[in-house]
Structures are given as C-alpha cells and as structure tokens.
Chemist: 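Structure incoming, see below.
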Protein chains: 2
Amino acid sequence: MGQETDRVLAEVSTDVVIFTMREDRLCVLLVRRARDPFAGCWSLPGGMVGLDEALDAAARRMLASKTGVTGVYLEQLFTFGGIARDPRGRVISVAYYALVPPDRMPSVRVAPDVAWHDVWKLPTLAFDHADIIAMARQRLAAKLEYSTIALQLMPEKFTLSDLQTVYEHILGEPLDKRNFRKRLHSLGCLEPTGEHHRAGRHRPARLFRMKSPGRVEFIK
Amino acid sequence: MGQETDRVLAEVSTDVVIFTMREDRLCVLLVRRARDPFAGCWSLPGGMVGLDEALDAAARRMLASKTGVTGVYLEQLFTFGGIARDPRGRVISVAYYALVPPDRMPSVRVAPDVAWHDVWKLPTLAFDHADIIAMARQRLAAKLEYSTIALQLMPEKFTLSDLQTVYEHILGEPLDKRNFRKRLHSLGCLEPTGEHHRAGRHRPARLFRMKSPGRVEFIK
DNA sequence: TCAAAAGTGTTATTGGTACACCCATGC
DNA sequence: GCATGGGTGTACCAATAACACTTTTGA
C-alpha cells in the first residue's frame, strides 16, 4: 500500500472451519463439491468476499448459509495465498474457524451434500482444505491450554465429564479426572444449575452452566 | 470457494512490520507517504501482491526493496479487511512482521522518506497501520514467553546483557538478571564464542552465539 | 448385589520468583 | 582506589502431576 504500482486484482474468498461436538467427537462441517475442480470431493464451506463486506462478515455469512447459526465464536485463522492453490486461477482465502454449541445446531438440516465429519477421520479434501483444518485443530488445541475457549463448544447445560471429553478429544490424550475438575473449578467461570443429569444405571451427574456465556477468558 | 458466485475482485496488498534493535530500542521501519491519501504521513512498507506471487514472497519483496535484507525471520500476522480502511476503495492487507538482526542492516541506506522509529514512540500513522504495529508488538511479546524468537533480533555475537535489554524493551518491564541468565542457559541454544566484549571501564562481557542460527524453538 | 460412571484430597515434584554480593576493568 | 557493569547461588512459594477409594443409581 505504501508505494503505488499497477493495480492487481485477485479473488478473495473465505473458508470457514465450523467445529461442533457430535457424539463425543469434534466434528467439522464439510460440503460436497458439485462441480470441477474437485467435483465430488468434500470441501470447507466458503465463498467470495463481497466488495462491501468485511472479512469476518463474509465468514459469518458462510456460517449462516450452511447452518443458520449466528452469534457464535468466530476467529480469523490464517490467510492462504499459494499461487497454485486453486487450479482455476489466483484465489486468496482468508480462513476462519467457528465453534458451534451442539444445542445451537438445528438438528434436521442434513442436506445430502453437507455433512459433519470427525476431525480425526477426514475424507480426501479439495484444494488445501486439509491444511486449513489441521491448522484450525492445532490452534484450538493450543487455546485449550490458556483460555476458556472449549466452553464455546458446550450446550447451555453440561456435566464436567462432558467437558472433559471435549478436552480429551481435541487434545487427543486422556486427562486426569481430579486434576481436570480442580482446574476448571478454580477458574470460577462455571456455576452449578442445581439440576442433575441421569444417564444410565449409575450416579447422576451435576449440570453446570457458564457464568458469562459467550465470554472467552485468558488464563495465567 | 465452495459455492460459485459472481467473481468479486479486490486489491490485495501486504504490509510488513520490520523490526530491528537500534540503540537498545525496538524499532519499526516506516515510509513517509508522498501522495494522498495520508500524504506526508508515515506508513508501513507495503504494496500490491503480484498475480503470480505468493503472499509471503510479496512480503519478502517489500522487505528487500526497503532494506536489501533477505533470509530473515518472517511470519504472517493477520489479514486486515475492513471495508473503509483505504479511502480509495476496497483493499485487503495481509500483514506480516519481520525480525532483522542489526548486523544485517546496511547501515547507510537512510533515504529521507524511510526511517526507523521507536515502537513505543510512533508518529501518527496512515490507514490502520497503528493497529497493525500494535498487534505485531503484542505477538512478538507473547512469543518471547514461549519461544526463542528474540534471538532473531540479535547480531551474530552478543552479550547476555544485550539480550536481556531486548527482552526488557519488548516486554516493557525490567527482568531479574540472575533469573534471566539461568533461564537462557537452561535452554541450551547458546554457546560462548570464547571472546569478550570490552565496553568501558568495567569487566568485559562474554560473547555468545546461537548454536543453530535462524532456528526458532518453542519451549515448555 | 453388581456394574458403571460421579465425585472427592493429599503428597511429591517442579518451576518460578525474590534477593545480595564479589569480579574484572578503565580511569 | 573507585566507579561501572559483569557475573554467580540459594531459599521460598506456587503450580502441576501422580495417585485410589467412596457414592449413587438402574438393572
């Protein structure tokens, strides 16, 4: 921008890695491509950024068009600008990732060309979308260590075991139950609802909720 | 990218926050703008991305054109895409930051419209460049805590006091000398050159160098 | 009464922080 | 000999990691 040159125009798109928890698995929303290139392949939801549209607004638009969801956690991830990443020509993609609580997902909307995939068992992906998802998962895992971001993947009410499962599945390793509970309680951002959740022939679990839903705090 | 829409073309630029240490101060390279908008204002070096040029290649080109430096640490920072950030029209900027060791800077090259500015005492800046520099400084400060990135700002040989000064100036707070030295020695990425640096009427300081120059390690 | 998950504390280790004096040199 | 920055170790505190049993329920 500092020095003027010939004006070079490029296509700018956003791709959004939409995460949610389904059946104790971290899942990503993928769209099956109808046409070439990569026809039949799965890809991230994405599209061109409008001329009068901010980047994050474009990302939220992609999110809403595939899921109907608004107002969830969204963060810019990275901008992918390799010269050959789209065989049709130069396309620069500003990637975002979003965290959708499972109770915010309209359960029905299962278009045949849109599906959730376990982030650890992805199909072959179009473009460089496998790289984008890998980076998003790493970023999410890193943020578990120093923020309360995982709570953005929880429904309004949840048990501590549910939450531990989320941590374990994102990190890919088991955690000690007592240390985990001690740590979460000491954050002071959860409160018991007073209700209990019965889930089989064993002791019911206490339900918790966030004190400030939507707020992501940094710790340490 | 997933769904096809009308092709919207935008201008894509990169702006590069070029850091170096000069006289024990963390400095940023700024360019004085010759023309409107913001004529006379200081701004980051930057320019349009070529159609066949990767984003990081464009950033390295900006860096080389202002400083002549190649092969230094460069990292993508964030993509700024607000709709009104450039009054001439829609311009999306992929910001990078670079770390230049002071002995890599050709000392003379002081064009009248290019100058180093203390990062804590910046002039009024064009566009949203103040935001970009602030974010770069924060990112650098955060990385001091969990990586060896600060060594990328050091000349080939340096004293531990020099290095401590770098940390202190980036973080904006004094550090304990013994704790600092203990920590850096325990990283095991420095080795003494055997030489000493005489700098006044006091004990000469031991000179160190990196065992693997250019390598940035993550710690903890 | 049994199986299955919920819930709960203590101890050991580690890493971080605070802190004060002697050393080598140039003037 | 004195002023100046270089160089070193220890004691305390806090955070983390390891670890096992009791409780409540449904079948």
Side-chain angles (χ1 to χ4, degrees), chain A residues 21 23-24 141-148 150 154-155 157-169 171-209 217-220, chain B residues 21 23-24 141-148 150 154-155 157-169 171-209 217-220:
Chain A
M21 293 297 297
E23 294 155 11
D24 291 345
K143 289 217 166 188
L144 288 194
E145 311 281 350
Y146 63 90
S147 78
T148 60
M154 303 309 290
K157 300 171 183 178
F158 53 88
T159 70
L160 289 179
S161 296
D162 291 342
L163 185 55
Q164 186 173 342
T165 302
V166 171
Y167 273 77
E168 290 176 332
H169 196 257
L171 294 173
E173 66 184 14
L175 299 175
D176 180 85
K177 200 205 299 194
R178 283 172 290 189
N179 291 338
F180 179 78
R181 292 162 105 95
K182 197 190 316 172
R183 178 175 153 203
L184 272 252
H185 280 133
S186 76
L187 292 180
C189 56
L190 296 183
E191 60 185 8
T193 65
E195 300 162 89
H196 291 262
H197 177 69
R198 297 184 141 70
R201 51 173 175 161
H202 56 81
R203 181 171 175 175
R206 298 206 295 168
L207 285 168
F208 290 82
R209 75 164 71 85
E217 312 219 24
F218 294 86
I219 51 196
K220 266 198 307 184
Chain B
M21 293 297 297
E23 294 155 11
D24 290 345
K143 290 217 167 188
L144 287 194
E145 310 282 349
Y146 63 90
S147 79
T148 60
M154 303 308 291
K157 299 172 183 179
F158 52 88
T159 69
L160 289 180
S161 295
D162 290 342
L163 185 55
Q164 184 172 345
T165 302
V166 171
Y167 272 77
E168 289 176 333
H169 196 256
L171 294 172
E173 65 184 15
L175 299 175
D176 179 86
K177 199 205 301 191
R178 281 172 290 188
N179 292 339
F180 179 80
R181 294 163 104 94
K182 195 193 316 173
R183 178 176 152 202
L184 278 214
H185 280 133
S186 74
L187 293 180
C189 57
L190 296 183
E191 59 185 9
T193 65
E195 301 162 89
H196 292 262
H197 177 69
R198 297 184 142 71
R201 50 171 176 162
H202 56 81
R203 181 173 176 173
R206 299 205 295 167
L207 285 168
F208 290 83
R209 75 164 71 85
E217 312 220 24
F218 293 85
I219 50 194
K220 265 197 306 185

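Each chain gets a letter, A, B and so on, in the order its sequence line appears, and its residues count up from 1.
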Chemist: Nearest 0.5 Å, please: how far is CG in N179(A) from NZ in K182(A)?
Modeler: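 So the NZ of K182(A) and the CG of N179(A) are separated by 4.5 Å.
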
Chemist: Please list, in 5' to 3' order, the outermost nucleotides of DNA chain D lying under 4.0 Å from any heavy atom of chain A.
Modeler: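 Contact span on the strand: dT16(D) to dA27(D).
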
Chemist: T159(B): which residues meet the side-chain hydrogen bond (donor to acceptor under 3.5 Å, both in side chains) condition with it, sequence neighbours left out?
Modeler: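 For T159(B), the residues satisfying side-chain hydrogen bond (donor to acceptor under 3.5 Å, both in side chains) (neighbours in sequence not counted) are D162(B).
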
Chemist: For the residue pair S147(B) and Y167(B), what are the closest heavy atoms and their distance?
Modeler: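 Looking at all heavy atoms of both residues, the closest pair is O-OH, 4.2 Å.
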
Chemist: Quick one: sort the Y146(B) and F218(B) rings into parallel, tilted or perpendicular, breaks at 30° and 60°.
Modeler: parallel

Chemist: Is D24(B) close to H169(B) at the side-chain level, that is, under 4.5 Å between some pair of heavy atoms?
Modeler: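 When only atoms from C-beta onward are counted, D24(B) and H169(B) do not touch, as no gap falls below 4.5 Å.
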
Chemist: Check R178(A) against D176(A) and note the closest heavy-atom contact, atom names and distance.
Modeler: N-OD2, 3.1 Å

Chemist: Anything under 4.0 Å to a heavy atom of chain A counts; send over the first and last such nucleotide of DNA chain C, read 5' to 3'.
Modeler: dA3(C) to dT10(C)

Chemist: Pick the nucleotide of DNA chain C nearest each of R178(A) and R201(A); which residue has the one closer to the 5' end?
Modeler: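 Mapping each residue to its closest nucleotide by heavy atoms, the 5'-most match is R201(A).
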
Chemist: Taking five pairs at each end of the helix from dT1(C)-dA27(D) to dC27(C)-dG1(D), what angle separates the two helix axes (nearest 10°)?
Modeler: 10°

Chemist: Looking across every strand, which nucleic acid part, if any, lies under 4.0 Å from S161(B) by heavy atom: base, sugar-phosphate, or nothing?
Modeler: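 Result for S161(B) = sugar-phosphate.
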
Chemist: Can you list, pair by pair, the side-chain donor-acceptor contacts under 3.5 Å of residues 185-200 of chain B, counting residues two or more places apart and other chains?
Modeler:
unit_1	atom_1	unit_2	atom_2	d
H185(B)	ND1	R181(B)	O	3.1
S186(B)	OG	R183(B)	O	2.7
E191(B)	OE2	R209(B)	NH1	3.4
T193(B)	OG1	E195(B)	N	3.0
T193(B)	OG1	E195(B)	OE2	3.3
T193(B)	OG1	L207(B)	O	3.2
E195(B)	OE1	K157(B)	NZ	3.2
E195(B)	OE2	K157(B)	NZ	2.8

Chemist: Assuming nearest nucleotide by heavy-atom distance, tell me which of K182(B) and K177(B) is located more 5' along DNA chain D.
Modeler: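 Checking each residue's closest nucleotide, the 5'-ward one belongs to K177(B).
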
Chemist: Over all heavy atoms of both residues, which pair between F208(B) and L160(B) is shortest? Give the atoms and the distance, please.
Modeler: CE1-CG, 3.7 Å

Chemist: Counting only heavy atoms and a strict 4.0 angstrom limit, can you tell me which residues of residues 188-198 of chain B come near DNA chain C?
Modeler: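 When residues 188-198 of chain B is checked for heavy atoms under 4.0 Å from DNA chain C, the hits, listed by number, are R198(B).
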
Chemist: Holding to side chain to side chain contact (heavy atoms under 4.5 Å, CB included), I want the full list of residues that pass it with E145(A), two or more places apart in sequence or in another chain.
Modeler: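 For E145(A) the side chain to side chain contact (heavy atoms under 4.5 Å, CB included) partners, ignoring immediate neighbours, are L171(A).
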
Chemist: I need the M154(B) CE to L163(B) CG distance, nearest 0.5 Å.
Modeler: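 If we round to the nearest 0.5 Å, M154(B):CE and L163(B):CG are 5.0 Å apart.
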
Chemist: Please list, chain by chain and in numerical order, all residues satisfying salt bridge (charged side-chain N to carboxylate O under 4.0 Å, His left out) with E217(A), sequence neighbours excluded.
Modeler: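 In terms of salt bridge (charged side-chain N to carboxylate O under 4.0 Å, His left out), with neighbours along the sequence ignored, E217(A) is linked to R215(A).
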
Chemist: Verify the neighbour count for atom CD of E23(A): are there more than 12 heavy atoms of other residues, nucleotides or ligands below 6.0 Å?
Modeler: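 Counting neighbours around CD of E23(A), 12 or fewer heavy atoms of other residues, nucleotides or ligands fall under 6.0 Å, so no.
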
Chemist: Need to verify one output field. Residue with the more 5' nearest nucleotide on DNA chain C, N179(B) or L207(A)?
Modeler: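 Whichever sits nearer the 5' end wins; that is L207(A).
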
